[in-house]
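Each chain gets a letter, A, B and so on, in the order its sequence line appears, and its residues count up from 1. These figures come from a predicted structure and were not determined experimentally.
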Amino acid sequence: MQIAGNIIIIIGIIFMFFGVIGIYKFKNFYSRILISGQIDTVGALTVIIGIAVKHGISFFSLKLLLLAGIILLLNPLATHITARSARLSGYLAQEQEPPPHDKKDGV
Amino acid sequence: MVFDIIEIFSVLMFFISFYGLITSKSIIKSVVSILLMESAVIMFFLSIGYTSGIMPPIGQNPETETVADPLPQALMITAIIIGVAVVAVNLIMLISLYRQCKAKDWDAAKKKSME
Amino acid sequence: MYIFWIIPVFLILYIIRIIIGPSVWDRLLGMNLVATKVVIIIIAFASLYELTYLLDFAIVYEIFGFISTIFISLFLMERKKGGKK
Amino acid sequence: MLAYFVIIPILIAVFLYVFPSSKAGRLIAVITQTALVGLAFYLFFICKSRDVVSNIGNYESFLGITLRADALSSVFIILTSFIFLIVAVYTFNEKYNGLFWFLLFIWEGLLIGIFLSRDLFNIFVLVEVTTVAVAVLIMFNRDNRSMYDGMVYLMINTVAVQFYLFGTGYVYKLTGVLDIDAAAKVLEELDKSSLILPYALIITAISLKCALVPLFSWLPKAHGTPGAPSAVSAILSGLHIKGAVYLFIQFNDLFKEVVVSEFFLIIGIITGIVGFIFAMSQKDIKLILAYSTISQIGMIITGLNNDDIYSYTGSLYHIFNHALFKSALFLSAGIIIKIYNTRDIYKIRGVLKRSPLIGAVIIMAILGIIGTPFFNGSVSKYFIFSGTSLPVGGAILLINLGTIITFIRFSSILFGKPQTEPDPAKTDKCKQAAVLVLGTLCLVGGILGEQLIEFLFNVKVSVDTAGYLQKSALFTASAVGGYLIYKLYIKNSPRLKQVREIELSFRGMCVSVGAFFAVVLVVTKLFA
Amino acid sequence: MIYAFLTLWIVGALLIIRESKIIRMIIYLGIFSLISSVCFYMFGAPDVAIAEAAISVFSTVFFIVCFEKHFGLAVGVSDVTPESAENRTNLKKYIPPVVFTIFLFVLFIFFIPENPANSYLKDQYLSLFSRDVGGENSVTSIYLGYRVYDTLFEALMLLVGIVSVTHLSRYCETSVKEGKPSDINRADIAVFTIRVICPVMLLFGIYLILNGHISPGGGFQGGAAIASFFVCRYMIYDIYDIPIERIIMVEKIIYVVVVLLAVLFIFIGLHSFLPLPQSVYLITMNLLIGAKVTCGLIIIFYRFIAFERR
């Protein structure tokens with residue numbers, strides 16, 4: 001159990017590591033959304049499952065599963081709302097840098 | 001001299017926020033600086049009696065050595081609530097001041113209020 | 001545990017991204033990422049001591065971090081385009 | 001149970017907020033206030049023989065919070081409840097809503113709490129709540145000026161309170177307790193050098209609360225802001241600042257190993273001098289009174305730090321007297337402002353003719369504050385003076401001279417012909433009665449001065465005929481001198497305007513807090 | 001590891017202090033609060049950590065609403081004190097405050113006492129709390145038992161804060177009407193998910209309150225969680241029908257009940273006469289304080305939000 005748990009945790013950390021690479025590699029905001037929306041959620045879920053596996057079947061693992069559920073719901077939603085807010089405010093995907101009016105406002 | 005490193009960190013924080021207070025032009029930043037100052041003080045209180053691998057003071061008869069000091073925690077909950085109330089009052093004053101004088105920074109507010 | 005050493009490194013990298021991130025929304029994204037990483041640290045901590053009640057804090061943290069993120073992004077949204085009903 | 005002294009006003013406050021502004025509610029407020037004065041006297045008579053201590057919850061040693069009433073704090077409680085009674089009568093017919101009464105009574109409970117509490121953290125909580133309540137009372141009418149002033153007051157006091165909290169943390173770390181009496185025992189055994197930092201942190205905060213010299217810029221803003229109700233200004237100037245002075249006494253007691261009383265003696269003298277210089281130059285009558293408070297506080301601090309029982313007692317009695325005449329002045333200034341609809345000292349004329357009663361009260365209060373024989377100020381000022389050595393005594397005389405000049409200028413509102421036609425509003429009987437009581441007490445406190453001091457502070461003092469003669473001669477000399485100086489130099493001096501415009505911004509205040517802290521640290525290290 | 005977090009903490013503070021654009025400052029403040037709450041957690045203080053996390057939400061919300069009022073409805077308008085361009089190059093301006101602050105810091109460090117922490121009260125509390133007050137969480141026992149006198153004033157502080165917020169924000173006497181649309185543009189998916197997550201939050205708040213005496217949490221933390229449920233409710237429904245006047249009244253009454261309960265149980269010492277288990281007092285007190293905090297935060301939040309509507 002311990003070894004299996006550790007392996008799953010390491011897989012999760014590798015996911016997160018990809019996320020860190022991506023957040024520097026992508027030059028576009030809407031690509032970076034991907035990191036938080038998918039890669040990071042999956043990484044966090046994998047780590048949590050790994051820890052739950054290490055603990056076996058117990059109250060601790062049950063609570064961890066609840067937490068995993070909450071993360072699964074909330075993390076993509078936060079990303080979605082952030083992206084939507086950016087889109088509706090006119091922060092365009094095609095441009096490499098913020099649009100003129102945005103720049104003027106100094107955001 | 002023997003230093004407690006966390007104590008040094010909180011003192012550093014205290015003076016960073018002090019720097020914020022003596023340089024900030026806008027009022028909202030002063031409010032934030034006060035919030036940071038409070039946070040520094042809270043950190044100092046909680047660091048009293050810290051050793052690494054410390055446990056929360058929960059349980060029927062906890063062992064004294066490895067358990068955190070409960071009193072500063074109880075005090076700091078009080079301090080946090082007081083802090084949020086002060087921040088709320090400050091901000092609402094700031095909004096009202098802005099509504100009346102159209103002043104965002106200290107100098108403008110002072111000038112407007114003297115008229 | 002190794003988590004305690006790897007995650008802070010990630011955190012520092014995220015914070016650098018937050019500092020250079022060109023727009024507000026990048027920073028918000030960074031805030032979300034930081035919150036998730038910190039939740040994992042908390043879980044690792046709880047699992048180290050085998051204390052179940054420490055997990056409460058992780059749940060609270062996740063929910064509260066989420067609320068502040070979406071509140072900021074909702075308020076940042078340009079109201080004109082969204083339109084009143 | 002001492003906690004009820006704090007809890008009962010707070011419960012009344014909530015009651016008045018829930019059932020606001022009916023006449024019956026206000027009547028209940030005044031009646032309970034009277035009862036509270038009676039209770040305070042009862043407590044005082046008990047405290048004359050023994051200290052009343054109550055452990056909340058009856059927990060073992062220092063686990064809970066301890067309240068203690070001793071001879072000094074019970075006198076302060078009498079003063080608090082009495083002044084609040086007067087103010088409650090004064091505002092009886094005003095059209096304030098429930099919020100005003102709520103904050104007023106909370107303020108009373110909290111002040112009594114500060115006088116009773118023996119717990120460091122509890123004092124922090126009380127001080128912080130008081131600060132917010134007072135800030136809201138200052139900006140009660142929500143005009144531009146009082147908005148800004150209230151905001152500065154709230155923020156600078158919050159900054160100072162953080163210093164206090166940090167100091168409390170060090171005391172807890174060093175002693176392991178938060179109770180002042182227990183901490184004092186542990187601190188005695190500690191090394192002197194470890195006490196310096198907590199002492200400096202705490203005393204910086206308390207000095208800001210007392211408005212000592214570099215840290216006084218918030219006081220005229222808070223106490224003299226035009227928009228604040230004058231009842232609030234009266235309590236602030238008469239009573240609130242005395243809470244800070246009480247804390248000053250307490251903490252100097254706690255850290256008596258490291259206190260450099262000479263430093264505070266000098267600071268007190270400078271505060272007095274700076275206070276009257278500013279007071280002389282103001283144009284707004286409320287601001288004159290507010291700056292004059294600073295100079296009187298300087299005198300009180302000087303007396304407290306002068307190592308002599310006469311000066312100490314004189315200072316305590318001066319705290320008492322200052323509360324009486326400063327609230328009388330502020331309250332009558334409120335009435336005058338209402339009548340004339342202006343605060344400019346050059347525009348108000350002929351108060352004595354327009355409303356003789358108010359004029360008489362103002363004269364009595366002025367005679368009190370400048371220390372005329374047979375008025376209360378003379379007794380306390382004489383005691384402060386008699387215990388001092390020559391340079392300090394000279395400084396006290398100088399401060400008194402400044403006060404005389406200030407109030408000669410102030411008294412010009414009493415005479416002459418009104419420039420603007422005063423508003424023929426009908427006079428309020430409650431207000432006049434309240435003010436009259438305070439004015440009469442100024443006279444009574446002077447004639448029965450020695451007996452009162454013996455009664456209140458248990459110190460036997462006596463003044464012989466030579467002392468009386470000396471006092472009268474000094475007073476006459478300084479009064480004549482003050483009048484001449486006023487006529488010759490000050491009346492039309494262009495400097496007044498320049499002095500009037502000196503004012504620190506918020507950033508400047510923060511810098512001065514830091515600088516004061518550094519100076520206290522260095523001075524304590526060098527001389528303690 | 002704790003030092004890594006403390007370093008991040010300091011970096012966050014530096015960012016906040018150096019930033020001149022307010023919206024960025026608010027985001028940094030949110031991150032800063034989250035990091036500091038983790039630090040508190042690692043000091044073995046989960047109660048304080050939960051309180052700090054709750055406060056981080058509310059202070060962020062207050063700041064963002066204040067920012068919006070401050071600069072109107074337009075997005076991202078920066079804090080336009082016209083310093084940025086020419087003053088940033090002018091380094092000379094920064095030297096005096098930096099030198100002054102460093103001087104104070106060094107002076108402070110120089111005077112720090114070397115004595116180790118005295119653990120008198122800690123030992124007393126840890127050995128006595130379950131006998132004197134009951135419960136398993138010693139922080140709650142101190143908060144509601146030994147130092148209940150402080151707690152009363154802390155509740156009073158919240159009361160004064162609420163009263164002042166309502167007083168100072170009452171420019172527009174119009175109370176908030178029912179069904180007035182907020183102009184938040186929301187997606188259906190967001191509405192759906194928040195609707196799913198809201199009951200969890202409510203339940204979790206109640207859990208924190210009821211379990212306050214045996215696990216981390218308590219009146220304040222649970223109350224803040226329930227109040228954040230109402231924040232979410234504002235975000236998904238256009239509902240302004242919170243009867244604020246009535247909530248204010250309820251809050252006052254709860255405060256009076258809290259005071260009376262504390263007086264009865266702790267000051268008079270009723271718990272030694274009654275045959276009740278000690279945890280009854282703790283649970284009741286936690287519930288009342290939780291209700292009070294919930295009411296208070298809801299009122300402050302809705303006053304902040306409703307300020308904009310004239």
Side-chain angles (χ1 to χ4, degrees), chain B residues 1-2 6-9 11-13 15-20 22-23 25-26 28-29 32-33 35-36 39 43 46-50 54-62 64 67-71 73-74 76-78 80-82 84-85 87-89 91-96 98-99 104-105, chain E residues 6 10 13-14 16-17 22 25 29 36 39-40 43-48 51-52 55 58-59 62-63 66 69-70 79 81 83 97 101 104-105 108-109 112 114 117 119 121-123 125-126 130 136-139 142-143 147 150-151 154 157-158 161 164-165 168-169 171 215-216 220 300 307:
Chain B
M1 267 194 238
V2 186
I6 300 167
E7 192 177 330
I8 303 293
F9 267 110
V11 174
L12 182 60
M13 185 68 168
F15 283 105
I16 287 172
S17 49
F18 186 79
Y19 173 80
I22 64 178
T23 51
K25 282 206 176 77
S26 69
I28 198 164
K29 207 160 170 182
V32 173
S33 300
L35 206 66
L36 298 193
S39 169
M43 187 65 90
L46 294 183
S47 76
I48 294 175
Y50 172 77
I54 206 159
M55 301 271 282
I58 293 169
Q60 275 290 352
N61 282 314
T64 319
V67 161
D69 193 350
L71 180 64
Q73 301 186 14
M76 284 310 107
I77 293 175
T78 310
I80 284 175
I81 300 177
I82 288 176
V84 78
V87 164
V89 174
L91 288 180
I92 209 92
M93 280 175 189
L94 175 57
I95 301 174
S96 317
Y98 181 67
R99 276 282 158 86
K104 313 174 203 178
D105 50 30
Chain E
L6 283 171
I10 296 285
L14 281 175
I16 293 172
I17 295 299
I22 286 178
M25 200 172 76
L29 187 67
S36 59
C39 292
F40 299 159
F43 285 129
D47 295 81
V48 185
E52 172 74 24
I55 286 316
F58 280 93
S59 54
F62 295 159
F63 270 108
C66 174
K69 303 290 175 298
H70 217 106
D79 151 35
T81 26
E83 48 163 352
T101 317
L104 282 181
F105 175 65
F108 197 110
I109 296 289
I112 285 181
E114 293 168 29
S119 64
L121 269 188
K122 176 185 169 187
D123 301 342
Y125 279 129
L126 285 178
S130 59
E136 286 182 21
N137 185 349
S138 57
V139 178
I142 294 171
Y143 183 71
R147 300 189 69 91
D150 269 352
T151 310
E154 172 220 299
M157 179 72 189
L158 208 55
S164 19
V165 167
L168 292 172
S169 66
Y171 285 88
S215 70
F220 175 72
I300 295 180
F307 205 123

Heavy-atom distances under 4.5 Å only: say whether [X] touches chain B with side chain, backbone, both or neither.
X: E:M157; result: both
X: E:L121; result: side chain
X: E:F105; result: both
X: E:F62; result: both
X: E:F43; result: both

**Complete:** Most heavy-atom pairs under 4.5 Å with chain E, out of B:M55, B:Q73, B:M93, belong to B:Q73
**Request:** Under 4.5 Å, counting heavy-atom pairs only, tell me which of B:V87, B:T78, B:T23 racks up the most with chain E.
**Result:** B:T78
Identify the heavy atoms of [X] and [Y] that sit nearest to each other, and give their distance.
X: B:P70; Y: E:S138; value: CB-OG, 3.4 Å
X: B:I54; Y: E:G44; value: CG2-N, 3.9 Å
X: B:S33; Y: E:I17; value: OG-CD1, 3.9 Å

Between chain B and each of [options], count heavy-atom pairs under 4.5 Å; write down the option with the most.
options: E:Y143, E:F58, E:F63, E:Y125; result: E:F63
options: E:A117, E:S119, E:A13, E:G161; result: E:A13
options: E:I300, E:D150, E:L158, E:L104; result: E:L104
options: E:L6, E:L14, E:D47, E:I16; result: E:L6
options: E:A51, E:C39, E:A45; result: E:A45

**Item:** Pair E:K122-B:L71, side-chain contact (heavy atoms from CB on, under 4.5 Å): steps then yes or no
**Value:** CA-CA 7 Å; E:K122 176 185 169 187; B:L71 180 64; over 6 Å; no
**Message:** Does the plane of the ring in B:F18 sit parallel, tilted or perpendicular to the ring in B:F15? Use 30° and 60° as the thresholds.
**Reply:** perpendicular
[X] versus chain E, the contacting section by heavy-atom distance below 4.5 Å:
X: B:M13; answer: both
X: B:Y50; answer: side chain
X: B:I22; answer: side chain
X: B:F9; answer: both

**Message:** Pair E:L29, B:L36 - check side-chain contact (heavy atoms from CB on, under 4.5 Å), show working.
**Reply:** CA-CA 9 Å; E:L29 187 67; B:L36 298 193; 4.3 Å; yes
**Prompt:** When you measure from the side chain of E:T151 to the backbone N and O of E:R147, does any donor-acceptor pair fall under 3.5 Å?
**Reply:** yes
